[in-house]
Amino acid sequence: MATLNSNDNKEFLVEKVLKNYSNNFDKVTAEHLSQIKRDKVTRPVIYIGMGTCGLIAGAGKTYDAVKKFLTENQTDAEIVKVGCLGLCSAEPLLDVQLPGKGRISFHHATEDRVEALLQSAFHRTMVAATALGQYKHPALEEWADVPYIEQHPFFVHQHRILLRHSGIISPYTIDDYIAQGGYKSLYKTVLNYTADKVCEIVEQSELRGRGGGGFPTGKKWMIAAGTGSDKKYLICNADESDPGAFMNRALIEGNPHRVLEGIAIASYAIGATNAYIYLRSDYEQSFVLLENAIKQAREYGFIGENIFGSGFNLSISIRQGAGAFVCGEETALIASIEGRRGLPQSKPPFPAEKGLFGHPTIVNNVETLANIPAILENGPLWFKSIGAQQSRGTKLFSLAGKSVLNGFIEVPMGVSLNTIVFDIAGGVKNDKKLKAVQVGGPSGVCIPSHQLDTTIGFESLQEVGSSMGLGGLIILDEDTCMVNLSKYFMEFLHEESCGKCIPCREGTGRMLKILEEITRRPREDSTHETLERFKGVVEMESLAEVIRDTSLCGLGQNAPNPVLSSLKWFREEFEEHIFDRKCQAGVCHNLRTFFIDVEVCNGCNVCQKKCPENAIVGTIKLPHFIIESKCTGCGICFESCKFNAIYFK
Amino acid sequence: MKDSLEAIFSKYPANRKEGLLPLLQEIQREHGYLPDEFLGKVGKYLNLPANKVYGVAAFYDQFRFRPLGHYHIRICRGTACHLFGSSNYLSELEKHLKVKAGNTSRDKKFSLEVTNCMGACESAPVLRVNEDFYPHVSPEELTRIIRSLKEKTE
Amino acid sequence: MQFNIEINSQQVAAKRGETIKNVLDRIGIHVPTLCYMNGFSPTGGCRMCVVEVDGIAGLVPSCSHPVTEWMKIRTHSPRVLKARKVIVELLLASHPDDCLYCERNGQCGLQDLAVEMNIRERKYHGERRKIQIDNACPSIVRDPAKCLLCGRCIRICDEIIGVSAIEVIGRGTDSRIGTSYNKGLNTQTCVKCGQCIMVCPTGALSEKSNFQTVIDALHNPDLFPVVQFSPTVPASIAEDFNIKASKDILNLLRAALKKIGFRQVFDTSMAADLNIMEEAACFIEHLKSGSMLPFFTACCPSWVRYIEELKPHLRTNLSTTASPQQIMGRLIKNYIASSAGQKPEQVFVVSVMPCTAKKYEADRDRAKDNSIRNVDVVITTRELVRMIRLLGIDFSALDPEPSDTSFSMRSSAGNLFGISGGHLEGLLRTVHQMITGQEMSTLKISELRGLKSRKEAKVKMGKNILNVAAVSGLANAKALLDEIESGRENYQIVEVMACTHGCINGGGQRLGSDEKSLKSRMKALYDVDDEEMIKVAHKNPIVADLYEKFLAKPGSGRNKELLHVVQCKTETA
């Protein structure tokens, strides 16, 4: 890990850069700054995207290969580990910046390709097609025939404010961020604005919570700011446990200092002197980066006592979650920090009045807080100008599932799902048809392909029965079984339910059971059973209403969403499962029907011996036959056949 | 060198309940799991009944009460991994390694865990064995991994 | 600050700081509850008590939601009724269909809810949770399959008893009430008080039943079954059979017990007098020793267990006098049996107690002489009521039967043992006599009476003044111990009863006892103290006789074997 730069840089960056409101730098300063920013480099710089997703794709081995290359070729170059740019399906990403030339980015730079890529870059013989793109820079020579990354379809529709520096600067050093203008907002705020003024600015910006609730952030702060309490807390919720959502992690790994700056300004606004970052325990790298960032910020005087001489004191510490999805809910999160089981509390009282250790507490999602520095930098009207009415600003989304391109993006609110799926994510993989887009995580809904003109926004998504959620988007193709997916989400929520309230604890179990009945074939399937299954689905809708109405927290209240939306848009799929006992997509294994190919079967009799239902008949050495009505779809015969004579539909 | 329990305690103020989770997390980092005999001591140090300490630990997925196997296999159950067939992989692993999810095999060679979304959705389905990640695991690759694990522990 | 709210279209006055339920209770509108407990802060967890409030999207829990001005509430709209019904149906889905075989058949909170919600079919089919029954403990049996996870048992064990013997383990439907690493209750900090049983709505918690053992013994020709009953039993029994508690209740109870088949009936209060004598002598020794720490009574087996398990360094401050139950048992087997021509091993002593911890006490290793148990079986007041009903005895048609043994004579001091503060009052009367040689001028110490959970008094003993305290609710005792050990308080005698208000509120008493019945039980015992002639233990002629013919001087000689216990190390892990 990179250590702090020398004291010279610290002095320079804080006094000359950070404290310079106007950004009018004299020639010497500008020159020095451009070196720190790596606009002007004297030796090659190699950037490797080493966020968690990059590492899983092999970036660690890429790093070793790069080092080996440099040693073997006795080349002096700087290696900079950066976070993730966002185009995860192109990782590992490797960027090369030669002195005087623009920064060029290579995709799929696995260890076996490093040698060739670096050779071609250093000798400027690279083939344009191996590059993802190059970064535009007015003062640097461009690479011929290499498109701009900014123009890449994945990036061109994005509006990167939060992700401005992700994958670009090093998250390991505070200097990179200050050089790019970081911590200026904090400085400006604590010296020029009262806490009330900051709340007012954020309220005017119309920023709404990014954790799913969408509550106006400024208003929320004002409640806490207005309580007369000697002790207040700010908690940054970085517990991101929605399956398929990883953009909060990427945000932290790309630029942890932006998050710290947001936390500091928020704490100032509400009058908190203690802030916690509640970080999901699985995010090991984020923990290391945040811990390092806090240490650096403290050493630079941005956190601690009497920040910038303003009299504002702040300490930030990290608390790791211990693996409970429900702890994303603010009162459960608070219980977890207090050392208790993560059970949500009935509200009122709200945490803003009585939260952590009984004191007023504001819990903000990490993305919400990451927006704060830019709002203070550019003003509330600037923020309002981005996005849509009622949903201002940008939103991070992670794209997963069957899209051509996967990763995470930042788009202005108001963009349509169509744009995201087809223009940004490149449509569906393998030329398959799009079936639906799952929005809002396990508490969200599936939006069918014919509704893709739905725009991103709190109200626009609510109109189709969804909430924004954290921002995970799953692209589903024709091979997805909607019944199976509903079962998957219900299983997840049932397991994550805290157990405190009966409707969620027992209700999700009942709904899960009904879905399980639909996706399995019992021993003796009769019309009675069919009727039971059908009744079950009708019951599910009635039960869902009560679960929504009575559950204590959002987990329970939104638990029925995925299945209800699937029922609404894909009812025929459910009916096919119930009545025809078929799974079109071929996903529900227990609904498969197996057949023996008489041309291939040599009558070895192995399958008949293994069938638990005695559903196979045949004499040795002659082709066998499966009795469809007895077959429960377990697949044991399929697995045991050594001659590939068995297939399923 | 493993930190002794006392050394770990000294990092947290006594009698303060809010130190419970970080303390337990640190013990697990050191020892791989939470041994029975430690919970009573944690309770005494923080002035909490042993049952409360256990009850809090048992609520969260992170805490283990049995040691891990020599090879700890984690399979991701995130949405993308599920779409790419991770639930089938789970049953394969259970069958061939003779260990159920959440448990350690009798011979302590393997332990199997189903984790929440690892956030590497572009690499779905994802498998993790100790510190090594296996992205885009195909059925053939899974068979190879299982075979290799069995060979390594013979 | 007062304001108006609207409930079911009626204007009602409410105050800031009240919950919706507070107001509903005041105006007499019943809303079903499950996790709610009187006197405990509400959690709004179970969602049984939900109501509809205009302007709030979902239904809100009335137990915890505060009232605000202009609030419009509907307590029994179709939406609310449907929600409550479904919640009960969900509970029923995974609840065992054991009603007909269950301990709590007819007295079950879930049955009551099902009746109230008018449930007529099993809508959801779930599976019975496969969790082992924990019955290692001699006092309490746990059947987690019947548990509704309402959490009341945990709250009482945490907040009133303060030992946290049980906790919710796990999450979601995997949650179950249990202990660390699934160990049985017997090896935990459980003090067997049975207060958890008193608040459990179902048969998930019940006392270890010794019912059948007693029935078998009564019909065993080789055994001579006798019974002793605690002073709290008469008044409690009267409640169960809807009889006004009066002087005759004691003799009615004797008649019932005889009808059941016991050959002799004893009153444990008599042994309480003996306990007072020995304990007074013990205390005076303690006083002479100059110890800074107080002398603690030791009749409450839960309190004794607490000290032995969690504060072993205070063991030497516990009275060594055996409890009245054990004294009576020993006396019966070693002294009274022979006068009835019985050998000790033939006599089968049953004691009827308001307490589940007494089962544990009678079962302890030290509670026997030469492998003959002092008390063979303990049954609770509840078990006795069932026995009376089983054997077809019509309580109201009985003729009162006076005692046929002189060993039933007791002073009203011994009789006070059932109430918190009562044991101390009785003890002080004899201590005073032993120290000063004179009777106390006023026998009644009003500071030690009443419903407070901690009662203190300064009692003049000749030239000295004794600081004494009676505390009930083990968590309160814990707090008091902290104060004593830190030097903030100084007492010479402390009486501790684990159950709030003492044995009248014990874990074996009638389920659903409320403050009204506690007050009336208390009054019954205080009335005995007012009305009876012999008010001090040392004037009980039977006691005096025993000391003359059979026992050594109080606190000395063979009394040590007969009437005292050795304070043990803990018997379990």
Side-chain angles (χ1 to χ4, degrees), chain A residues 322-327 331-332 335 340-350 353 491-514 517 532 535-536 538-540 542-559, chain C residues 19 34-35 41-52 56-68 77 79-95 113 123-127 129 147-151 154 167-177:
Chain A
F325 174 76
V326 70
C327 285
T331 54
R340 299 185 280 120
R341 298 170 76 234
L343 303 177
Q345 308 286 357
S346 275
K347 299 188 270 207
F350 291 88
E353 298 154 341
E491 206 166 16
F492 176 82
L493 289 169
H494 181 61
E495 224 185 275
E496 293 296 334
S497 167
C498 74
K500 181 169 174 176
C501 75
I502 297 164
C504 176
R505 178 181 85 226
E506 305 292 336
T508 53
R510 291 303 117 232
M511 291 184 75
L512 178 60
K513 186 98 193 296
I514 293 168
E517 291 298 310
E532 287 300 308
K535 260 175 77 182
V538 173
E539 268 314 332
M540 199 156 58
S542 168
L543 182 55
E545 206 186 293
V546 174
I547 295 174
R548 255 215 201 111
D549 244 357
T550 53
S551 290
L552 196 153
C553 80
L555 193 158
Q557 286 157 7
N558 292 309
Chain C
T19 61
L34 182 59
C35 68
S41 58
T43 62
C46 67
R47 319 306 277 183
M48 259 330 296
C49 66
V50 288
V51 294
E52 209 175 325
I56 299 182
L59 299 174
V60 304
S62 53
C63 64
S64 60
H65 202 96
V67 290
T68 51
S77 65
R79 181 179 163 207
V80 170
L81 290 178
K82 177 182 174 191
R84 290 186 195 145
K85 189 170 187 199
V86 167
I87 289 175
V88 179
E89 284 168 339
L90 288 173
L91 285 175
L92 290 171
S94 50
H95 199 81
L113 283 171
K123 202 193 276 183
Y124 304 112
H125 296 268
E127 274 145 22
R129 278 184 278 262
C147 175
L148 304 177
L149 291 169
C150 67
I154 294 175
E167 176 54 271
V168 184
I169 311 289
R171 191 178 68 213
T173 26
D174 287 338
S175 307
R176 63 198 188 291
I177 310 260

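All chains are named by letter (A, B, ...) in the order of the sequence lines, taking the proteins before the strands, and each is independently numbered beginning at 1. This is a predicted model, so every value here is computed, not measured.
A:Lys500 touches chain C through backbone and side chain together, each having a heavy atom under 4.5 Å away. When heavy atoms are compared at a cutoff of 4.5 Å, A:Thr508 does not approach chain C at all. Residue A:Glu545 touches chain C through its side chain alone, counting heavy-atom pairs closer than 4.5 Å. Using a 4.5 Å cut-off between heavy atoms, A:Lys347 contacts chain C through its backbone alone, with no side-chain atom that close. If you measure heavy-atom distances from C:Lys123 to chain A, the contacts under 4.5 Å come from the side chain alone. If you measure heavy-atom distances from C:Ser175 to chain A, the contacts under 4.5 Å come from the side chain alone. When heavy atoms are compared at a cutoff of 4.5 Å, C:Arg79 approaches chain A solely by way of its side chain, counted from C-beta outward. At a 4.5 Å heavy-atom cutoff, C:Val80 makes no contact with chain A through either its backbone or its side chain. With a 4.5 Å cut-off on non-hydrogen atoms, C:Leu34 touches chain A through its side chain but not through its backbone.
The nearest pair of heavy atoms linking C:Cys46 to A:Pro503 is O-CD, 4.0 Å. Here the shortest heavy-atom pairing between C:Ser94 and A:Glu506 reads OG-OE1, 3.3 Å. Scanning both residues, C:Lys82 and A:Ser542, for their nearest heavy atoms gives NZ-OG, 3.3 Å.
With rounding to the nearest 0.5 Å, the separation of CG in C:Leu59 from OG1 in A:Thr550 is 6.5 Å. Rounding to the nearest 0.5 Å places NE2 of A:His494 at 7.0 Å from CG of C:Asp174. Going from atom CD of A:Glu532 over to atom NE2 of C:His125 covers 6.5 Å, rounded to the nearest 0.5 Å. To the nearest 0.5 Å, the span separating OG on C:Ser64 from CG on A:Leu552 amounts to 8.0 Å. Summarising the geometry, atom SG belonging to A:Cys501 is positioned 12.0 Å from atom CG belonging to C:Leu149; distances are rounded to the nearest 0.5 Å. With values rounded to the nearest 0.5 angstrom, C:Glu167 atom CD is found 6.0 Å from A:Arg341 atom CZ.
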### Evaluation steps, side-chain contact (heavy atoms from CB on, under 4.5 Å), between C:Arg47 and A:Cys504
CA-CA 10 Å; C:Arg47 319 306 277 183; A:Cys504 176; over 6 Å; no

### Query
Stepwise, does the side-chain contact (heavy atoms from CB on, under 4.5 Å) test hold for C:Leu91 with A:Arg505?
CA-CA 10 Å; C:Leu91 285 175; A:Arg505 178 181 85 226; 4.0 Å; yes

### Candidate pair C:Glu89 and A:Arg510, rule salt bridge (Lys or Arg N to Asp or Glu O under 4.0 Å), full reasoning
CA-CA 11 Å; C:Glu89 284 168 339; A:Arg510 291 303 117 232; over 6 Å; no

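Checked by atom type and distance alone, the side chain of C:Arg171 pairs as donor or acceptor with a backbone atom of A:Glu495 at under 3.5 Å.
For the set C:Ala83, C:Pro61, C:Cys150, C:Pro42, the entry with the most heavy-atom pairs within less than 4.5 Å of chain A is C:Ala83. Taking C:Cys35, C:Gly45, C:Gly151 one by one and counting their heavy-atom pairs under 4.5 Å with chain A, the maximum is reached by C:Gly45.
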